[in-house]
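Encoded as structure tokens, the structure appears first; notes follow it.
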Amino acid sequence: MGTASDIKLIDENGLRIDGRSPTELRPLKIETDVLERADGSAFIEWGGNKILVAVYGPREAYPKHTQDIEKAVVKARYNMSAFSVDERKRPGPDRRSVEISKVISEALSAAVMVEQFPRAQIDVFIEVLQADAGTRIAGLTASSVALAAAGIPMRDMVVGCAAGKVDGKIVLDLGKEEDNFGQADLPMGILAKSGKIVLMQMDGDMSQEEFEQATALIMDATKRIYEIQREALAGKYRALALERSGE
Amino acid sequence: MKQIVMPGDEIDSSIGKPRNGVYKCGDQLYCSQYFGIVQKSEQFVDIVPFSGPYFPRRGDKVIGKIIEVGPSMWTVDINSPYYTLLHMNDTPWRTNAGSIKKFLSTGDYVYAKVMTVNEIKESWITLKDVGLRKLEGGHIASIQAPKVPRIIGKGGSMVNMIKDATETRIVVGQNGLIWVDGEPENVMAAIEAIKVVEREAHTTGLTDRMQKYLEEIKGGKNGNSV
């Protein structure tokens with residue numbers, strides 16, 4: 001972010017470096033139940049991001065001092081593999097991943113009906129296998145699918161999406177170059193049905209009008225992402241039900 | 001075809017009174033808590049999740065595994081987020097504190113009833129009722145707890161069908177653990193049949209299909225024995 005460069009990120013036709021229009025998302029694919037042992041799991045491919053999410057629980061919270069007598073605690077752990085980025089990332093939690101784990105935990109706690117499981121914890125493991133800008137919102141989007149697949153009661157689905165400012169223009173879903181050389185990045189997590197914001201961070205700066213424009217772009221895009229989430233979850237059940245009723 | 005819903009989806013309350021798996025998401029408005037299917041009964045609408053944890057409710061008959069023996073209590077795993085407790089006075093045996101291990105030791109399975117559950121989801125089970133006992137021998141299969149009603153079927157029709165066809169003894173716990181006893185190959189066949197029901201629980205006309213499936217198994221068995 002903010003690194004000055006001569007790279008032209010938006011060409012004279014208004015297209016971006018990867019050929020997308022300002023309001024276009026990168027290709028997005030979600031798959032559920034990819035892990036046998038987990039209670040719920042999801043795999044998301046969003047642009048160049050490849051992220052695996054596993055959900056375990058609710059189960060009794062350990063260490064015991066983390067238990068809350070009134071509600072469950074959602075413990076998300078965001079972890080980047082050493083090979084997920086160009087230069088080897090030193091393994092283990094660092095300042096960045098601790099922060100991301102925290103904001104994702106809080107975003108998910110807003111959707112999960114934590115009050116139904118006192119003293120319990122819900123573990124969400126987010127493993128970034130390949131990173132390409134926007135991993136936190138991709139991880140969040142996949143986490144909410146994995147939670148639903150695990151049968152955990154939720155008020156709503158959480159959808160993540162980012163927008164940013166590149167070459168002075170507001171664009172949706174930043175790619176890697178845009179993230180590195182753009183002027184602002186605004187990741188958001190939204191409850192799909194109610195439109196409530198559960199995660200919002202910003203890097204760089206925008207004017208108020210630009211911020212509103214970016215928010216509008218994100219709100220619109222989350223509807224599309226939500227449909228992909230729904231299809232990822234319901235697709236195979238519907239296919240089996242149709243196949244059987246057709247017999 | 002049954003309607004598939006996601007968390008947050010509005011439930012059409014004109015078809016019945018919303019009951020399980022929903023929450024109030026507005027004035028006179030009910031939304032789903034789960035990713036599951038909409039199930040209509042006489043006057044109610046329920047959301048049945050495709051998977052999920054089991055929560056003990058008073059009166060449920062469950063299958064549990066003893067994981068720890070204390071001086072006067074057993075700690076029992078009932079396939080739920082929380083362990084449950086079985087006190088020696090809630091068993092049909094004459095027990096003495098300190099020597100309860102000879103009745104049940106770790107790894108044993110019991111078929112028990114949930115006696116009480118409190119606000120923080122601590123629960124106690126009892127063996128003092130008809131049919132409740134220690135489960136000796138047999139195999140334990142595990143399915144998703146929300147699919148148990150489908151395995152049992154209307155008035156036990158589905159499980160009885162499987163029992164008859166595979167010549168096994170089956171005990172189904174509300175918590176998704178199922179005890180199957182009989183000849184090894186029959187047990188395998190019964191568990192396979194249970195898995196089919198679990199996988200296709202959300203489809204229609206399952207009972208008829210299972211009948212056909214089980215008749216084939218039965219036919220195959222007779223063919224071999226002749």
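In what follows, every chain begins at residue 1, and chains take the letters A, B, ... in the order their sequences are listed. Hydrogens, waters and symmetry mates play no part in the numbers below; they use all other heavy atoms, side chains included.
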Could you look at [X] and say if it's the side chain, the backbone, both or neither that has a heavy atom under 4.5 Å from chain B?
{"X": "Ala150(A)", "result": "backbone"}
{"X": "Ile69(A)", "result": "both"}
{"X": "Ala149(A)", "result": "backbone"}
{"X": "Gln229(A)", "result": "neither"}
{"X": "Tyr56(A)", "result": "neither"}
{"X": "Met113(A)", "result": "side chain"}

Supply the atom-to-atom distance [X] [atom1] to [Y] [atom2], rounded to the nearest 0.5 angstrom.
{"X": "Asp39(A)", "Y": "Gln144(B)", "atom1": "CG", "atom2": "CD", "value": "7.5 Å"}
{"X": "Cys25(B)", "Y": "Asp156(A)", "atom1": "SG", "atom2": "CG", "value": "9.0 Å"}
{"X": "Arg238(A)", "Y": "Lys2(B)", "atom1": "CZ", "atom2": "NZ", "value": "15.5 Å"}
{"X": "Arg209(B)", "Y": "Arg244(A)", "atom1": "CZ", "atom2": "CZ", "value": "5.5 Å"}

Kindly check if the number of other-residue, nucleotide or ligand heavy atoms within 6.0 Å of [atom1] ([X]) is above 12?
{"X": "Lys196(A)", "atom1": "NZ", "result": "no"}
{"X": "Arg57(B)", "atom1": "CZ", "result": "no"}
{"X": "Lys71(A)", "atom1": "NZ", "result": "no"}
{"X": "Lys24(B)", "atom1": "NZ", "result": "yes"}
{"X": "Lys236(A)", "atom1": "NZ", "result": "yes"}
{"X": "Glu70(A)", "atom1": "CD", "result": "no"}
{"X": "Met202(A)", "atom1": "CE", "result": "yes"}

Shortest non-hydrogen contact from Lys121(B) toward Gln116(A): CE-O, 3.2 Å

- prompt: What are the two closest non-hydrogen atoms of Ala234(A) and Met6(B), and how far apart are they?
  reply: CB-CE, 3.7 Å

Answer yes or no: is there a side-chain heavy-atom contact under 4.5 Å between [X] and [Y]?
{"X": "Leu240(A)", "Y": "His202(B)", "value": "yes"}
{"X": "Asp9(B)", "Y": "Arg230(A)", "value": "yes"}
{"X": "Lys193(A)", "Y": "Glu10(B)", "value": "no"}

message: For the aromatic rings, using the six-membered ring if either is Trp, is the centroid distance between Phe117(A) and Phe55(B) under 6.0 Å?
response: yes

query: Angle class for the Phe50(B)/Tyr237(A) ring planes (parallel below 30°, perpendicular above 60°, tilted otherwise)?
result: parallel

- line: In terms of heavy-atom pairs under 4.5 Å with chain A, the winner among Tyr82(B), Tyr83(B), Tyr34(B) is Tyr82(B)

message: Please classify the contact of Ser32(B) with chain A as side chain, backbone, both or neither, using a heavy-atom distance under 4.5 Å.
response: backbone

query: With only heavy atoms counted, which part of Gln3(B) is less than 4.5 Å from chain A, the side chain, the backbone, both or neither?
result: neither

